[in-house]
Amino acid sequence: MGALPLARAWRGRRLARVPVVTLMPHSRCNCRCVMCDIWKANRNGTSLEQAAMDRLVEDFSALGVRWVVLSGGEALMHPNLWGLCAALKTLPLKITLLSSGLLLERHAADIVDWCDEVIVSLDGPEATHNRIRGIKGAYASLAAGVDALRRRRADYPVAARCVIQRGNFHELPAIVDAAKAIGLDSISFLGADLTSTAFNRPQAWAEGRVEEVGLAPAECDALDVAIDQLAASHGGDFAGRYIQESPARLRRISARYRAAHGMTPPPPVRCNAPWVSTVVEADGTVRPCFFHDPIGSLRDGTLPEILNGPVARSFRAALDVDSNPVCQRCVCSLKL
């Protein structure tokens, strides 16, 4: 058997262990972010039911899951989120909550009890954050929520994640300073997803929407200047990993925006997400990652059956992350 068939056999192997699962317990969202369309389907929102969660716990145990990331939508809008977390915590796993931050204050006690850490979305200083979120007072609610968590437990870990886009790329130092002002432990950055059908997009964005969120060619150069300025003004934050990426890593974001314009090839991809993780949506849809097409549904089988079924194995066998167009455009790769 030649090298290529061997590589395909490896890529299409059965998955005995899947250490990371991104779980979307609830599909609705309480923000109206410019770079996301999830909120546009709020009328048709779904929630993961307790019975489905109880079955998933058995699946997670069989797959050796050790880290569950609660995503969405906004997971805190689920009517019985803490019952789901209680079921998850019968296993020796870590729970990370991804949140817009609007409901942190209301649920602070339960979050500290059931979740091991929180990662909040931060789009900029107050005016910028509120504008991108589409919610008046979003920044104040986020700050109050972080304060409530810390009053429950002073060392409770809360970090920020920021999507760099047209509406905030020129404010990098102010974004870092806002994270510090709120009392967040660190901040990481990624680019906006401009091309996939993730985040409730029935089809890829039209050109006008891409231009609204993405960076124009000249703005890519301006982003590189902003990164250089951030490195000069916040060098200690890079050295101490308050800013999680290095300046060189941040420049991959401008490189991806340039690639979207066909100016340069996309940066090399380092990701093994489909072999070490999966995404389970609130309606039971299972994906190999956020951006690729579904490989099955929990309505039709258990999670191990879906991940090791013919559709999933054929997908992994054929997937070459270096050349696959979805992977090349991905903004948040995983490498374990």
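We're numbering straight along the sequence, starting at 1. Below, all heavy atoms of this structure are taken into account, side chains as well, without hydrogens, waters or symmetry copies.
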| Carboxylate-amine/guanidinium proximity below 4.0 Å for D116 and K89 | yes
| field | Note, L56 side chain near L298 side chain (heavy atom, < 4.5 Å) | value | yes
| said: Please check this pair: side chain of S314 against backbone of V311, looking for a donor-acceptor N/O pair closer than 3.5 Å. | reply: no
| task | Measure across C220 and Y257 and return the closest heavy-atom pair with its distance rounded to 0.1 Å. | result | SG-CB, 3.6 Å
| remark: Output for pair (N308 CG, R14 CZ), nearest 0.5 Å, gives 4.0 Å
| Given the rule in the side-chain contact (heavy atoms from CB on, under 4.5 Å) test, do R316 and L15 qualify, once you have shown the distances and angles that lead to the verdict? | CA-CA 10 Å; R316 292 194 299 271; L15 300 182; 3.6 Å; yes
| field | Remaining members of the apolar cluster that contains L102, side-chain heavy atoms under 4.5 Å | value | I135
| query | Is R153 reaching over with its side chain to a backbone N or O of D113, donor-acceptor style, under 3.5 angstrom? | reply | no
| From SG (C162) to CG (L172), nearest 0.5 Å | 7.5 Å
| task | Would you mind reporting whether P247 and L230 have side-chain heavy atoms less than 4.5 Å apart? | result | no
| field | pair I295-D293: side-chain heavy atoms closer than 4.5 Å | value | no
| task | For the pair M53 and F60, evaluate side-chain contact (heavy atoms from CB on, under 4.5 Å) and give the outcome as yes or no after the intermediate values. | result | CA-CA 10 Å; M53 186 70 254; F60 289 1; 4.2 Å; yes
| query | Hey, is the main chain of D300 close enough, under 3.5 Å, to the side chain of S297 for a donor-acceptor pair? | reply | no
| request: Taking the side chain as every heavy atom from C-beta outward, state whether I164 and L190 have any pair of such atoms under 4.5 Å apart. | output: no
| query | Shortest non-hydrogen contact from I306 to G296? | reply | CG2-CA, 3.9 Å
| message | More than 12 heavy atoms of other residues, nucleotides or ligands under 6.0 Å from NZ of K136: yes or no? | response | no
| query | Do E171 and T128 have a side chain donor and acceptor closer than 3.5 Å? | reply | yes
| query | Is there a donor-acceptor pair under 3.5 Å between the side chain of R161 and the backbone N or O of L98? | reply | no
| request: Answer with yes or no whether the side chains of D320 and S323 bring together a donor and an acceptor at under 3.5 Å. | output: yes
| query | Backbone N or O of H78 within a donor-acceptor pair of the R28 side chain at under 3.5 Å? | reply | no
| query | Is any side-chain heavy atom of L149 less than 4.5 Å from a side-chain heavy atom of V112? | reply | yes
| message | Test your reading of the model: is there a side-chain donor-acceptor pair from N168 to the backbone of Q165, 3.5 Å cut-off? | response | yes
| message | For a quick check under 3.5 Å, do Q328 and N324 share a side-chain donor-acceptor pair by atom type? | response | no
| said: So, taking the atom named CG in L84 and the one named CD in Q50, what distance separates them when rounded to the nearest 0.5 Å? | reply: 5.0 Å
| No-hydrogen, no-angle side-chain donor-acceptor test under 3.5 Å, S254 and D224 | yes
| said: For T96, give me all partners under side chain to side chain donor-acceptor pair (under 3.5 Å), at least two apart in sequence or on another chain. | reply: W67, E117
| query | Does the pair C85 and L70 meet the rule for a side-chain contact (heavy atoms from CB on, under 4.5 Å), with working shown? | reply | CA-CA 10 Å; C85 287; L70 300 178; 3.9 Å; yes
| Can you find a pair of side-chain heavy atoms, one from I111 and one from L76, that are under 4.5 Å apart? | yes
| request: Of all the heavy-atom pairs spanning S188 and Q244, show the shortest one and how long it is. | output: CB-CB, 3.9 Å
| Where is the tightest heavy-atom contact between V57 and A87, given as atom of each residue plus distance? | CG2-O, 3.5 Å
| message | Count I, L, V, M, F, W, Y as connected when their side-chain heavy atoms are under 4.5 Å apart, and connections chain through other members. Are F169 and V225 then in the same cluster? | response | no
| task | Could you list all the side chain to side chain donor-acceptor pair (under 3.5 Å) pairs where at least one residue sits in residues 173-187, not counting sequence neighbours? | result | R150-D185, D177-H234, K180-D237
| said: Taking side chain to side chain donor-acceptor pair (under 3.5 Å) as the cut-off, I'd like each qualifying pair that reaches into residues 265-282, sequence neighbours left out, listed once. | reply: E281-R287
| query | Between L319 and C327, which heavy-atom pair has the shortest distance, and what is it? | reply | CD1-SG, 3.9 Å
| query | How about L104 and L142: do any of their side-chain heavy atoms sit closer than 4.5 Å? | reply | yes
| field | Residue of the set V286, T22, V20 for which side chain to side chain contact (heavy atoms under 4.5 Å, CB included) holds with V279 | value | T22
| task | For the pair I175 and F189, evaluate side-chain contact (heavy atoms from CB on, under 4.5 Å) and give the outcome as yes or no after the intermediate values. | result | CA-CA 10 Å; I175 295 171; F189 294 92; 4.0 Å; yes
| field | Nearest-0.5 Å distance that lies between atom CZ in R256 and atom CG in D193 | value | 11.0 Å
| Sub-3.5 Å donor-acceptor pair from the side chain of E58 to the main-chain atoms of R55, do we have one? | no
| query | What distance separates L303 CG from L307 CG, expressed to the nearest 0.5 Å? | reply | 4.5 Å
| query | Does atom CZ of R13 have more than 12 heavy-atom neighbours, drawn from other residues, nucleotides or ligands, at distances under 6.0 Å? | reply | yes
| field | Residue pair R133 / D123: nearest heavy atoms and the distance that separates them | value | NE-OD2, 2.6 Å
| Pairing residues for A179 by the side chain to side chain contact (heavy atoms under 4.5 Å, CB included) criterion, not counting sequence neighbours | L122, L184, I187, Y242
| E126 side chain vs A140 backbone, donor-acceptor pair below 3.5 Å | no
| request: Answer yes or no: does atom CZ of R249 have more than 12 heavy-atom neighbours from other residues, nucleotides or ligands under 6.0 Å? | output: no
| field | Nearest-0.5 Å distance, CG of residue D110 to CZ of residue R152 | value | 8.5 Å
| task | Verify the cluster assignment for M263 and L215: are they in a single hydrophobic cluster under the rule of side-chain heavy atoms below 4.5 Å apart? | result | no
| field | Charged N-O contact under 4.0 Å between R251 and D228 | value | yes
| Does the H26 side chain pair with the main chain of E74, one donor and one acceptor, at a distance under 3.5 Å? | no
| said: Show me the pairs that pass ring-ring contact (aromatic ring centres under 6.0 Å, His included) and involve residues 306-336, at least two apart or across chains. | reply: H292-F315
| task | Look at the side chain of R329 and the backbone N and O of P266, then say whether any donor-acceptor pair between them is shorter than 3.5 Å. | result | no
